[in-house]
Participant: 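Please read through the structure below; I'll follow up with questions.
Note that these values count all heavy atoms, side chains included, but never hydrogens, waters or copies made by symmetry. Keep in mind the model is a prediction, meaning the values are calculated, not measured. The first residue of the sequence shown is numbered 1, and numbering continues consecutively from there.
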Amino acid sequence: MPRPPLAREKVLDAFEAILIEDGERAATLDATAKAAGVSKGGLLYHFGSKDELEAGLVGRLDRLTTLDLERMTAADEGPVAYYVRTSVMEDDALDRVLIATTRLAQGGSIPAADMLRDTRRRWAETIRPHVRDNASLDLVMLVSDGLYFNNSLDVHGPERLVPRSDELAELIALVLRATA
């Protein structure tokens with residue numbers, strides 16, 4: 001698959017950043033063009049409407065999820081350990097697009113909400129063969145959700161809400177024992 005044009009990616013990066021920093025209402029075409037350093041006409045060349053811009057971001061989430069699933073499947077530690085470990089993300093591309101897509105969904109975007117559900121479904125389908133039953137799958141998914149959520153709270157606070165290094169390894173081992 002050919003790489004998207006750099007200007008197109010720059011516009012998506014700007015849209016994503018505005019969604020994360022200022023929310024869905026602030027992510028207008030004008031604000032996105034300005035943040036990307038392109039004219040509104042330049043933005044409209046790549047994305048003819050805000051709906052197309054949102055679709056571009058949703059497509060980015062789909063592509064990054066596919067890459068993540070490939071890494072998960074190939075991980076020496078196994079899909080369950082990979083999924084739990086990578087639930088503690090810090091400002092990587094998948095984390096940013098998840099947050100931005102969540103902002104769109106919170107603003108009422110049905111395609112964004114559908115993609116978030118589909119992303120979760122795809123992760124669950126990849127993990128399912130590696131756990132003993134649906135309760136084990138639920139445990140893995142909920143531990144991941146808790147780590148991801150608490151990581152977002154842990155960034156600037158004095159509390160340590162998310163286990164790090166050895167503690168995370170111990171948590172992963174516990175999850176693996178409970179789900180095998």
Side-chain angles (χ1 to χ4, degrees), residues 1 4 9 12-13 15-21 23-25 27 50-155 161-164 167-180:
M1 173 165 46
E9 290 301 301
L12 274 178
D13 291 345
F15 184 59
E16 181 179 273
I18 294 169
L19 286 166
I20 292 168
E21 294 166 18
E24 187 268 337
R25 289 185 185 188
K50 187 170 181 188
D51 286 343
E52 287 183 25
L53 192 54
E54 291 178 7
L57 190 73
V58 167
R60 177 181 274 183
L61 175 56
D62 185 41
R63 287 187 303 279
L64 290 174
T65 299
T66 298
L67 292 172
D68 187 59
L69 290 167
E70 290 169 3
R71 286 189 296 268
M72 181 187 295
T73 302
D76 289 338
E77 65 193 318
V80 173
Y82 174 94
Y83 186 67
V84 172
R85 181 181 50 76
T86 60
S87 297
V88 182
M89 287 191 266
E90 295 185 13
D91 198 36
D92 74 354
L94 181 56
D95 181 37
R96 287 189 303 275
V97 75
L98 278 167
I99 293 168
T101 305
T102 299
R103 299 285 180 129
L104 288 175
Q106 290 167 338
S109 170
I110 292 170
D114 288 346
M115 181 52 70
L116 289 168
R117 277 191 291 280
D118 187 58
T119 297
R120 184 175 174 83
R121 178 195 56 77
R122 291 168 66 196
W123 280 327
E125 285 177 0
T126 302
I127 293 166
R128 186 179 314 280
H130 303 277
V131 296
R132 68 171 171 241
D133 54 24
N134 283 336
S136 297
L137 177 62
D138 288 342
L139 174 66
V140 172
M141 300 304 286
L142 291 170
V143 166
S144 170
D145 288 347
L147 287 169
Y148 187 79
F149 177 76
N150 282 329
N151 191 57
S152 69
L153 300 176
D154 198 33
V155 175
L161 304 173
V162 178
R164 302 281 191 240
E167 293 169 340
L168 184 57
E170 290 172 17
L171 176 63
I172 291 168
L174 179 63
V175 169
L176 290 172
R177 282 194 305 273
T179 60

Participant: Considering residues at least two apart in sequence or located in another chain, which fulfil the side-chain hydrogen bond (donor to acceptor under 3.5 Å, both in side chains) criterion with T65?
Facilitator: none
Participant: Looking at every heavy atom in both S109 and E54, which two are closest together, and how far apart are they?
Facilitator: OG-OE1, 3.7 Å
Participant: Which atoms form the tightest heavy-atom contact between S136 and V131, and what is the distance?
Facilitator: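 Looks like CB-CB, 3.8 Å.
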Participant: Given T179, which of D133, L139, D138, I127 fulfils the side chain to side chain contact (heavy atoms under 4.5 Å, CB included) condition?
Facilitator: L139
Participant: Taking side-chain hydrogen bond (donor to acceptor under 3.5 Å, both in side chains) as the definition, give me every residue that meets it alongside D118, ordered by chain and number, with sequence neighbours left out.
Facilitator: R121
Participant: Do D13 and R96 sit within salt-bridge range, that is, some charged N less than 4.0 Å from a carboxylate O?
Facilitator: no
Participant: Nearest 0.5 Å, please: how far is CG in L61 from CD1 in I99?
Facilitator: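 CG of L61 is found 11.5 Å from CD1 of I99.
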Participant: For E16, what residues pass the side-chain hydrogen bond (donor to acceptor under 3.5 Å, both in side chains) criterion, not counting sequence neighbours?
Facilitator: R60
Participant: Between OG1 of T119 and CG of D68, what distance do you get to the nearest 0.5 Å?
Facilitator: 9.5 Å
Participant: Taking side chain as C-beta onward, heavy atoms only, is E125 less than 4.5 Å from L69?
Facilitator: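 Result no, sub-4.5 Å side-chain heavy-atom pair not found.
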Participant: According to side chain to side chain contact (heavy atoms under 4.5 Å, CB included), who are the partners of A169, at least two apart in sequence or on a separate chain?
Facilitator: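 A169 satisfies side chain to side chain contact (heavy atoms under 4.5 Å, CB included) with no residue once adjacent residues are dropped.
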Participant: Measure the shortest side-chain to side-chain distance between Q106 and E24 over non-hydrogen atoms and say whether it is less than 4.5 angstrom.
Facilitator: no
Participant: Write down the atom of A112, the atom of L104, and the distance for their closest heavy-atom approach.
Facilitator: CB-CB, 3.7 Å
Participant: Can you find a pair of side-chain heavy atoms, one from N134 and one from R128, that are under 4.5 Å apart?
Facilitator: yes
Participant: Got L94 and L67 here, is their nearest side-chain heavy-atom distance under 4.5 Å?
Facilitator: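 A side-chain contact is absent here, since even the closest heavy-atom pair is not under 4.5 Å.
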Participant: Any chance you could lay out the side chain to side chain contact (heavy atoms under 4.5 Å, CB included) test for V97 and R63, step after step, and finish with the verdict?
Facilitator: CA-CA 10 Å; V97 75; R63 287 187 303 279; over 6 Å; no
Participant: Is the shortest heavy-atom distance from the side chain of T73 to the side chain of Y82 under 4.5 Å?
Facilitator: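 In short, these two side chains do not touch, never coming nearer than 4.5 Å.
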Participant: Nearest heavy-atom pair of P79 and T126: which atoms, and what distance?
Facilitator: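 The pair with the smallest heavy-atom distance is CB-O, 4.4 Å.
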Participant: Holding to side-chain hydrogen bond (donor to acceptor under 3.5 Å, both in side chains), I want the full list of residues that pass it with R122, two or more places apart in sequence or in another chain.
Facilitator: D62, T66
Participant: Please indicate whether L142 has more than 12 foreign heavy atoms, meaning atoms of other residues, nucleotides or ligands, lying under 6.0 Å from its CG.
Facilitator: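 Check passes, neighbour count above 12.
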Participant: Do the side chains of L147 and L168 get nearer than 4.5 Å, heavy atoms only?
Facilitator: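 Answer yes - side chains close enough.
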Participant: Can you pull out every ring pair (Phe, Tyr, Trp, His ring centres under 6.0 Å) where at least one residue sits in residues 84-135? Sequence neighbours excluded, please.
Facilitator: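 Of all non-adjacent pairs touching residues 84-135, those that pass ring pair (Phe, Tyr, Trp, His ring centres under 6.0 Å) are Y83-W123.
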Participant: Enter the distance from L12:CG to L19:CG here, rounded to the nearest 0.5 Å.
Facilitator: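 So the CG of L12 and the CG of L19 are separated by 10.5 Å.
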Participant: Quick check: closest heavy atoms across I18 and A27, and the distance to 0.1 Å?
Facilitator: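 Minimum heavy-atom separation between I18 and A27: CG2-CA, 3.5 Å.
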Participant: To the nearest 0.5 angstrom, please state how far the NZ atom of K50 sits from the CZ atom of F15.
Facilitator: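 So the NZ of K50 and the CZ of F15 are separated by 5.5 Å.
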Participant: How many angstroms lie between CD1 in I172 and CD in E77, if you round to the nearest 0.5 Å?
Facilitator: 6.5 Å
Participant: Do other residues, nucleotides or ligands put more than 12 heavy atoms under 6.0 Å from the CZ atom of R25?
Facilitator: no
